[in-house]
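Data first, discussion second: the structure below is written as structure tokens.
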Number of protein chains: 2
Amino acid sequence: MGKQYTTLKDVARRAHTSTATVSYILNGVQDRYVSDELRQRVLTAAQELNYVKSALASGLKGKSRGVIAITVPQFTNIFFSRLVLAVEQVARAQGYVVTMCNTFDDPDREREVLESLIQQRVDGIILIPSERSTQNYELIRRIGVPTVIAERPMLDYGYEIYDYILIDNFDLAYRSTRYLIEKGHRNIAFLTWEARVVSLQERLRGYQAALQEADIPYRPEYVLQGPLQPGGRMPDDPPDARYASAGNRCGIWVSFLCPGRSAGASGTRGPHSRGPFGFCHW
Amino acid sequence: MGKQYTTLKDVARRAHTSTATVSYILNGVQDRYVSDELRQRVLTAAQELNYVKSALASGLKGKSRGVIAITVPQFTNIFFSRLVLAVEQVARAQGYVVTMCNTFDDPDREREVLESLIQQRVDGIILIPSERSTQNYELIRRIGVPTVIAERPMLDYGYEIYDYILIDNFDLAYRSTRYLIEKGHRNIAFLTWEARVVSLQERLRGYQAALQEADIPYRPEYVLQGPLQPGGRMPDDPPDARYASAGNRCGIWVSFLCPGRSAGASGTRGPHSRGPFGFCHW
DNA sequence: CTGTTAGCGCGTTCAA
DNA sequence: TTGAACGCGCTAACAG
């Protein structure tokens, strides 16, 4: 329909009082005494007119907008969905709304997104950088929007400049691999995804480090690049070996082979993990 | 950080002109002549000050906010992720930002979400109703925010009141089942999910209708409720039959059994389908 | 102590 | 080209 929104003034008029009083009442301002009768009149009027205060007008006066944005490189990747979900829950508990935007891992797209978010004057941005993005972050820095970089490092900046939340991918892969080695495995596969993703490279390094430390030779054939399908094979597999499907969302699955038996698999441990080695972090 | 945002006034001051002129220039208003020299001065000033116009202030004056909201009942369900992704792409192409909010299929949560969206004065809402939500939509109707109900019907309202985008679940399941029957199958499984979801009930009805029409008795044991795991079994399965994993996101997979062989599976056809029967609409 | 007036913030737009 | 009013909620300051 698009009727006009009811304004404070409308409510004041109907309650035969001033906008100031209405504002005080509706915002429950303390140390401001209003007669019960008037308060009631105002509340009723607001109700009847379906008054909903505009966050726009509030925001103008330097008040927080109550909006946090998060930019995501891959919308339909469940890893990011979960991350966003977690963000949204915390934000909502604090009274914030979350806007999320997909950047498609495309720096140009990302810049567009950031610009529109700044136009919207969001209170803060949680930014999961697209791969190989570079100067986009100059923008947010010049403007000064509070921003946290999450999940992926930014290649061209030192860690001093921005606030980060990252996982130590190297260490996790290292420890995961070590765990398997300590269990007595020596044929350890590394299931991965696109090589250009920095966090995956880190994990590969961790994997290699653990192997080297145990004097297990690094065998490139054991590094399998996704998207992995069910039925994919490891080099020495017995014909009936079978892997869990990682779909197109495999990151690190440090798999171990027991020759002659089916393969098991285990992921890395991380903040989104469900118990040790039970989670695939892709 | 949080330096103040640069305002129109700042730009005007630096360019030694008025805010009006700056506004006109920056918005590229036609039929308004400005000397090239002044225009250049303004553009430069805006650049130097990192001016980004506030959508808030623009919005106050009745201008569109450039924000569309979509409420989603399940954030991490890839079906909805894809839907949101599609919405986001179209919206962005039109210059809109998309805000998405998770309602957790919880009517109370949904109401909170809707209220905050209205506060934010979003231009429009795409609403995927939570299951069993009822009076929440009175709100948006009273207020008059342009709204489209998507993907799920609202139980307590006739279709006349709101604008809908729905899939004909009955027909799709009916046709899918028929297709399998015409291929000569008679043992047709129906893999489904929570029974209270209306669209799944509709699909079950379509499935039953097709069976009945072909004089195939309806066998409740063939209706499998998810979450389905790989290795789940159909009643008459040979021991080596194997199903595709539907994870926790199975809706309708009309599976067919070829006794003595592994089972195949096919989904329903819908707007998000990738070709006939190639898509699982859960 | 209770309620009102008035002006701010910022981009838009009419009138001059 | 520009001054100034406007839209809407907030709030300091003032009046009753």
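Between the CG atom of B:Leu56 and the C1' atom of C:dG11 there is a distance of 11 Å, given to the nearest Å. Distance A:Leu8 CG to C:dT5 P: 15 Å, rounded to the nearest Å. Taking atom CZ on B:Arg39 and atom C1' on D:dT1, their separation rounds to 13 Å, with Å as the unit. One can place NZ of A:Lys9 at 14 Å from P of D:dC10, the figure rounded to the nearest angstrom. The distance from atom CG of A:Asp36 to atom C1' of C:dC1 is 14 Å, rounded to the nearest whole Å. For A:Leu26 and D:dC10, the CG to C1' distance is 13 Å, given to the nearest whole Å. Counting to the nearest Å, the P atom of D:dG9 and the CZ atom of A:Arg13 are 12 Å from each other. Per the geometry, CD belonging to B:Gln120 stands 16 Å off P belonging to D:dC8, to the nearest Å.
In this view, A:Phe104 and A:Asn102, A:Asp106, A:Arg109, B:Leu85, B:Glu88, B:Gln89 satisfy the side chain to side chain contact (heavy atoms under 4.5 Å, CB included) rule, not counting sequence neighbours. Scanning for side chain to side chain contact (heavy atoms under 4.5 Å, CB included) contacts around A:Thr19 gives A:Leu8, A:Lys9, A:Ala12, with sequence neighbours left out. A:Arg121 pairs by the salt bridge (Lys or Arg N to Asp or Glu O under 4.0 Å) definition with nothing, not counting sequence neighbours. Here B:Gln94 pairs with B:Tyr96 under the side chain to side chain contact (heavy atoms under 4.5 Å, CB included) rule; sequence neighbours left out.
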In 5'-to-3' order, the base (B), backbone-only (S) or no-contact (-) status of each nucleotide in nucleotides 11-16 of chain D, using a 4.0 angstrom heavy-atom cut-off, is BBB---

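A sub-4.0 Å separation between OP1 or OP2 of D:dG9 and a side-chain N or O of A:Tyr51 is present. Not one side-chain nitrogen or oxygen of B:Thr7 sits closer than 4.0 Å to the OP1 or OP2 atom of C:dG9. At least one side-chain nitrogen or oxygen of B:Lys53 sits closer than 4.0 Å to the OP1 or OP2 atom of C:dT12.
Screening residues 45-58 of chain B for salt bridge (Lys or Arg N to Asp or Glu O under 4.0 Å), with sequence neighbours left out, gives B:Arg14-B:Glu48.
Taking the side chain of A:Leu60 as heavy atoms from C-beta on, and the options C:dT12, C:dG9, D:dC8, the nearest nucleotide is C:dG9. Listed nucleotides: C:dT5, C:dG11, D:dG7. Nearest to the side chain of A:Ser18: C:dT5.
For the pair B:His16 and B:Arg121, nearest-nucleotide mapping onto DNA chain D gives the more 5' position to B:His16.
Looking at A:Arg111 and A:Asp108, no side-chain N of the basic residue comes within less than 4.0 Å of a carboxylate O on the acidic one, giving no salt bridge.
A:Glu151 and A:Tyr164 form no side-chain donor-acceptor contact under 3.5 Å, judged by distance and modelled atom types alone.
Using a 4.0 Å heavy-atom cutoff across all strands shown, A:Leu38 reaches sugar-phosphate atoms only and no base atom.
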